Amino acid sequence: GQGKFEVFIADELVFEGSDFVAEMMSEFDIGEAGGGPVEVTIAITPDSYPEENEWDILSEDGEELASGHAINGDGTVQLLPGKYTFTMHDSYGDGMCCDHGQGGVKVVVNGEALFEANEFGSKATGEFTVSGGPGKGKGPGKAPKSLMGKQLKTEPSKAALASARQARMRVPKVIAAHAGLLSAAAVCTVLVAATVIAIKVAGRKRAAAEVDDRAVGNLAELM
């Protein structure tokens with residue numbers, strides 16, 4: 001027979017064979033097809049509530065390749081050349097700027113910001129393209145799913161989330177405490193005012209009684 005085999009990466013033939021005995025081996029670099037992996041940095045400037053922000057990166061086919069949490073700071077992921085979708089989520093729905101700090105996020109490749117966002121609602125989404133890289137690629141091509149990106153999933157610790165939630169709740173608690181102090185001060189003011197009025201009324205009654213006593217004494221002398 002005329003049997004043979006071929007190995008393709010991103011639709012490019014990188015290895016083939018036909019005439020051998022028991023086995024046939026060869027080395028090849030995936031960078032030879034579409035360029036090697038590129039480091040992508042998720043640069044995060046948190047606002048006052050980083051526990052509300054999570055991000056993810058999807059491939060062109062909609063597969064989640066990486067995700068992270070703003071409370072853990074910046075993230076990095078290795079991606080092959082191609083098109084990707086980045087989304088920053090905000091669970092509270094007020095974005096990362098500007099009522100509670102000057103926060104924001106950037107997707108940076110080779111020192112260039114390919115996507116950035118700060119003022120948004122529940123999420124900010126954008127597409128970016130990774131090209132080039134250390135490989136000898138002739139173009140982006142379409143890499144196999146298994147090579148599209150290095151999985152990166154990070155979750156904040158329970159202690160970090162608890163601390164952040166306490167900070168979030170601290171503002172209304174402080175307001176309530178001040179309101180309580182103001183209410184107590186108002187009650188004290190009313191009590192003091194009532195006491196002053198009572199003292200004045202009692203003084204007037206005492207003075208009136210003294211006048212009446214003197215009048216009776218004068219009448220008695222005249223009689």
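Keep in mind it's a predicted model, so treat the numbers as computed, not measured.
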task: Please report the C-alpha distance between V38 and L80 in whole Å, then the side-chain angles of each, then the deciding distance to 0.1 Å, and finally whether the side chain to side chain contact (heavy atoms under 4.5 Å, CB included) criterion is met.
output: CA-CA 6 Å; V38 177; L80 289 179; over 6 Å; no
query: Does H100 reach the main-chain N or O of Y49 with its side chain, forming a donor-acceptor pair under 3.5 Å?
result: no
- prompt: Linking I/L/V/M/F/W/Y whenever any side-chain heavy atoms sit under 4.5 Å apart, do L58 and L114 land together?
  reply: no
query: Quick one: does M96's side chain get under 4.5 Å of N53's, heavy atoms only?
result: yes
message: So, taking the atom named CD1 in I42 and the one named CZ in F86, what distance separates them when rounded to the nearest 0.5 Å?
response: 5.0 Å
- line: For T125, the side-chain hydrogen bond (donor to acceptor under 3.5 Å, both in side chains) test, sequence neighbours excluded, returns T87
- request: Would you indicate whether the side-chain heavy atoms of V107 and V40 approach each other to under 4.5 Å?
  value: yes
- prompt: At what distance, to the nearest 0.5 angstrom, does CD of E119 lie from CD of Q102?
  reply: 8.5 Å
- request: Could you check if a side-chain atom of S67 sits within less than 4.5 angstrom of a side-chain atom of E54, using non-hydrogen atoms only?
  value: no
query: Do Y84 and L65 have side chains that get closer than 4.5 Å, going by heavy atoms?
result: yes
message: Is it the case that the side chain of S59 and the backbone of D61 share a donor-acceptor pair, with hydrogens and angles ignored and the cut-off at 3.5 Å?
response: yes
query: Measuring from E51:CD to N72:CG, what's the distance to the nearest 0.5 Å?
result: 12.0 Å
- line: Nearest heavy-atom contact between A124 and A117 is CB-CB, 3.7 Å
task: Working to the nearest 0.5 Å, report the span between CD of E60 and CD of E127.
output: 8.0 Å
field: NE2 on H69 to NE2 on H89, rounded to 0.5 Å
entry: 11.0 Å
query: So, for D90 and G121, which heavy atoms are closest and what is the spacing to 0.1 Å?
result: CB-O, 3.6 Å
task: Could you tell me whether the side chain of D74 and the main chain of I44 form a donor-acceptor pair under 3.5 Å?
output: yes
message: Within this structure, what is the OG-CG distance for the pair S131 and N110, rounded to the nearest 0.5 Å?
response: 8.0 Å
- prompt: Could you walk me through whether F128 and F115 pass the ring-ring contact (aromatic ring centres under 6.0 Å, His included) check?
  reply: CA-CA 7 Å; F128 66 95; F115 172 80; 7.9 Å; no
message: Looking at every non-hydrogen atom in both residues, tell me the closest pair between A70 and P50 and how far apart they are.
response: CB-O, 3.6 Å
task: List for me each residue that meets side-chain hydrogen bond (donor to acceptor under 3.5 Å, both in side chains) alongside N118, sequence neighbours excluded, and say none if there are none.
output: none
- prompt: Taking only residues two or more places apart in sequence, or in another chain, which ones meet D47 in a side-chain hydrogen bond (donor to acceptor under 3.5 Å, both in side chains)?
  reply: none
